[in-house]
Every structure is written in C-alpha cells, then in structure tokens.
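Down below is the structure, laid out as structure tokens.
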Amino acid sequence: GESVGLHLPTLSVQEGDNSIINCAYSNSASDYFIWYKQESGKGPQFIIDIRSNMDKRQGQRVTVLLNKTVKHLSLQIAATQPGDSAVYFCAENSGGGADGLTFGKGTHLIIQP
Amino acid sequence: DTAVSQTPKYLVTQMGNDKSIKCEQNLGHDTMYWYKQDSKKFLKIMFSYNNKELIINETVPNRFSPKSPDKAHLNLHINSLELGDSAVYFCASSPTVGEQYFGPGTRLTVT
C-alpha cells in the first residue's frame, strides 16, 4: 500500500547547526502534509504544514519544502537548540479533512552540545 | 487549558480484561481520532469520528470500539485485552480540514 516514510531513523547534529529531515511519500493524491514533533512522553505537536499547491513554507526557524515531482518533503530547522531534540514525523492527508493522517516512521533528532 | 485531554495517562491491566480510555477536546473541533503508537514509535490511525458518525474504521480488531457521547468526547473501549494491545494510544481532534491536535497519550500495558 502507499505510505509515507523517512530516510533516516536517527540524525545527530551540533547545537547551532541547521538540521534537515527528509520524507518520501508515495501517494500522488496527497494534498496536505504536516510535520510533527514528539518529545519523550508527550503527544505529537504540530510544527508546520504545507498544501500541495505550494512548494515552500516558512515558520519560526523552520522551513518545509515540498517537491511534488519526486514526492519528497523536507523539514529544515535553523540554528538547532537542545529543545529541538525529539522524534519528527511527516504525515500526509490525502482523503480530505475527515480522514486520519498517514504517518511516516519518524526521525530521532539528537542535538550534540 | 488543556486542548485535548486523555485519561488515564497510564493503564496496567491483565490479559482478558476490558478497559476504557477517555478523551475530551475543548477546541470545538468536528472530528476526533484514535491512534496507536507501537514500541517502534510508529503511529497508525485507528478510528475517526465526525459529528458522532464513524468516518473511517481501519482494520483493527472488533475488540476495539470507539464511543462518542457528544462532539467533545471520543472514548475507546477495549474488550478481552491481549498482550499485543500494549502500546501508547493517542486521541486527536481537528477542524473539518486542518492540523490535528493530539492528546498526551495513554500508555497501556497488558500483562
């Protein structure tokens, strides 16, 4: 079946560096994508979203890039901080608002001091 | 104010028992969901409810039954618990179209 997946299970970066987390999706009908951050013992927390009619969206220290040609999504975190350590999930919603999200496997971002 | 709340946060029970997890959202959202997160952190949708109507029902065992007394609540009832049901269960809610807000999770351990 179609799914959303992440390339790297663990990503380790130095504090202050930029982080890039990648995600590949296979459902060409997907029209809405979200990045979530999950800290230990907590529920997923919304970071940023993007719709399929856009290829880039920026938030505070985060940027999401969408490449529909190769079905690729990325999350860029600028100047990573210790509080950015978490598991990051990409998710897609291809069936309209009432459907649940299809989540990728998650990338564990580790910030080195 | 907690947007999406779940109780209990931890639930330890024996095989064969029946248990319920409660979820409430105060965001006025139309749709609520239940997700299961396994030991490898994989999140998978189980159910969603829109205005008290089941919208999707993934291939979960019929031992799991969502119950929604009103738009702000979606409870999850599990019959005849099995070892493989051990996981973290997350409730979420969303407006008709948009991001989903997740609760803090309920860690279920079946012994």
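Residue numbers begin at 1 in each chain, while the letters A, B, ... track the order of the sequences.
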For K9(B), I'd like to know if atom NZ has over 12 heavy atoms of other residues, nucleotides or ligands within 6.0 Å. yes
Which heavy atom of E99(B) sits nearest to which heavy atom of I34(A), and what is that distance? CA-CD1, 3.9 Å
F64(B) meets the ring pair (Phe, Tyr, Trp, His ring centres under 6.0 Å) criterion, sequence neighbours left out, with none
Would the number of heavy atoms belonging to other residues, nucleotides or ligands and lying under 6.0 Å from NZ of K22(B) be above 12? no
Determine yes or no for a side-chain-to-main-chain donor-acceptor pair under 3.5 angstrom, with Y101(B) supplying the side chain and Q45(A) the backbone. no
Hey, could you give me each pair passing disulfide (SG to SG under 2.5 Å) that has a residue in residues 25-81 of chain A? Not counting sequence neighbours. none
OG1/T102(A) to CG/L43(B) distance, rounded to the nearest 0.5 angstrom? 11.0 Å
Should we say atom CG of D70(B) is surrounded by more than 12 heavy atoms from elsewhere, each under 6.0 Å from it? yes
Would F46(A) and F102(B) count as a close aromatic pair, with their ring centres under 6.0 Å? no
Using the ring pair (Phe, Tyr, Trp, His ring centres under 6.0 Å) definition, which of the options Y35(B), F90(B), Y33(B) pairs with F103(A)? Y35(B)
I want to check something: taking the side chain as every heavy atom from C-beta on, are Q38(A) and Q37(B) in contact at a cut-off of under 4.5 Å? yes
